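The shown structure was predicted, so the numbers you read here are calculated from the model rather than taken from an experiment.
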Amino acid sequence: MKSVLVVDDSATTRSLIKAVIDEIGEEMNVVEAGSGFEALRLLPQHAFDLILTDINMPDINGLEFTNFAKNDTRYVHIPIIIVSTEKSREDIEKGLALGAIAYVTKPFRTEELQGTIRKVLKI
């Protein structure tokens with residue numbers, strides 16, 4: 001079973017992303033974090049196969065979280081998909097430069113996010 005961490009300060013968005021993941025049809029354990037700080041606390045508690053993170057969050061934003069995860073030998077192997085309303089070329093390039101494997105803009109199409117998740121997890 002794959003384990004996925006969804007990091008977003010909006011409970012509604014986390015629920016929506018969880019529903020999108022559930023529709024993929026593969027059995028996956030989805031763990032939710034309401035902030036970057038909460039996500040940092042959850043990282044050592046699970047063996048995540050994938051992380052989806054928003055950028056705009058209080059405390060630690062998604063770019064800071066991505067930078068931390070990609071610079072820690074314990075988590076560098078976990079693919080990160082940024083899911084954000086930030087759509088500028090600069091934001092996308094920065095997210096990818098920090099180590100995100102993909103960048104999906106909100107509002108997203110279900111098929112687009114599912115396709116990205118399937119590609120990253122090779123399912």
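With a 6.0 Å radius and a threshold of 12 heavy atoms from other residues, nucleotides or ligands, Glu27 has its CD atom at or below the threshold. For Lys106, the NZ atom sits in a packed shell: over 12 heavy atoms of surrounding residues, nucleotides or ligands are nearer than 6.0 Å. For Glu90, the CD atom counts as loosely surrounded, since its 6.0 Å shell holds 12 or fewer non-hydrogen atoms of other residues, nucleotides or ligands.
Proximity of Ser35 to Asp59: side-chain heavy atoms (C-beta onward) are separated by under 4.5 Å at one or more points. Inter-residue side-chain proximity for Ser84 and Asp91 is flagged as unmet; no heavy-atom pair is nearer than 4.5 Å.
Taking CD1 of Ile92 as the start and NZ of Lys87 as the end, the distance is 9.5 Å to the nearest 0.5 Å. Within the model, atoms CE of Met57 and CG of Leu63 stand 9.0 Å from one another, a figure rounded to the nearest 0.5 Å. Distance check: Leu5 CG to Ile78 CD1 gives 8.5 Å after rounding to the nearest 0.5 Å. Separating the CG atom in Leu52 from the CD1 atom in Ile81 is a distance of 4.5 Å, to the nearest 0.5 Å. The OG1 atom of Thr66 sits 12.0 Å away from the CD1 atom of Ile101 when rounded to the nearest 0.5 Å. How far CG of Asp54 is from CD1 of Ile82: 9.5 Å, rounded to the nearest 0.5 Å.
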Verdict with reasoning, Ile51 to Tyr75, per side chain to side chain contact (heavy atoms under 4.5 Å, CB included): CA-CA 10 Å; Ile51 298 169; Tyr75 314 118; 6.0 Å; no
Go through Thr105 and Thr85 one step at a time and tell me if the side chain to side chain contact (heavy atoms under 4.5 Å, CB included) criterion holds. CA-CA 5 Å; Thr105 57; Thr85 57; over 6 Å; no
Pair Phe37-Phe65, side chain to side chain contact (heavy atoms under 4.5 Å, CB included): steps then yes or no: CA-CA 8 Å; Phe37 183 73; Phe65 173 76; over 6 Å; no
Under the criterion side chain to side chain contact (heavy atoms under 4.5 Å, CB included), I'd like the reasoning laid out for Asn29 against Lys2: C-alpha separation, chi angles, the key distance, then a yes or no. CA-CA 6 Å; Asn29 176 42; Lys2 303 282 186 189; over 6 Å; no
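Clustering ILVMFWY residues whenever any of their side-chain heavy atoms sit less than 4.5 angstrom apart, transitively, puts Leu50 in a cluster other than the one holding Leu42. Linking Ile, Leu, Val, Met, Phe, Trp and Tyr residues whenever their side-chain heavy atoms come within less than 4.5 Å leaves Ile117 and Val31 in two separate clusters. Under the 4.5 Å side-chain heavy-atom criterion for grouping Ile, Leu, Val, Met, Phe, Trp and Tyr, Val4 is not connected to Ile80 through any hydrophobic cluster. Cluster membership for Leu98 and Val83, using ILVMFWY side-chain heavy atoms within less than 4.5 angstrom, is not shared. Under the 4.5 Å side-chain heavy-atom criterion for ILVMFWY residues, a single connected hydrophobic cluster contains both Phe108 and Met28.
Residues Asn61 and Ile55 come closest through the heavy atom pair CB-O, 3.0 Å. Taking each heavy atom of Val76 and Lys70 in turn, the nearest pair found is O-NZ, 2.8 Å. Between Val7 and Ala39, the shortest heavy-atom contact is CG2-CB, 3.6 Å. Across Gly62 and Thr53, no two heavy atoms sit closer than the pair CA-OG1, 3.8 Å. For the pair Thr116 and Ala102, the tightest heavy-atom approach, listed with the atom from each and the gap, is CG2-CB, 3.6 Å.
In terms of the ring pair (Phe, Tyr, Trp, His ring centres under 6.0 Å) criterion, Tyr103 has no residue partners (sequence neighbours excluded).
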Side chains of residues 11-18: which donor-acceptor partners sit under 3.5 Å, not counting sequence neighbours?
| from | atom 1 | to | atom 2 | distance (Å) |
| --- | --- | --- | --- | --- |
| Thr13 | OG1 | Ser10 | OG | 3.1 |
| Arg14 | NE | Glu32 | OE1 | 3.1 |
| Arg14 | NH1 | Asp8 | O | 2.6 |
| Ser15 | OG | Ala11 | O | 3.1 |
| Lys18 | NZ | Asp22 | OD2 | 3.1 |

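With hydrogens and angles left out, the side-chain atoms of Ser3 and Asp49 include no donor and acceptor closer than 3.5 Å.
With hydrogens and angles disregarded, a donor-acceptor distance shorter than 3.5 Å links the side chain of Glu38 to the backbone of Gly34.
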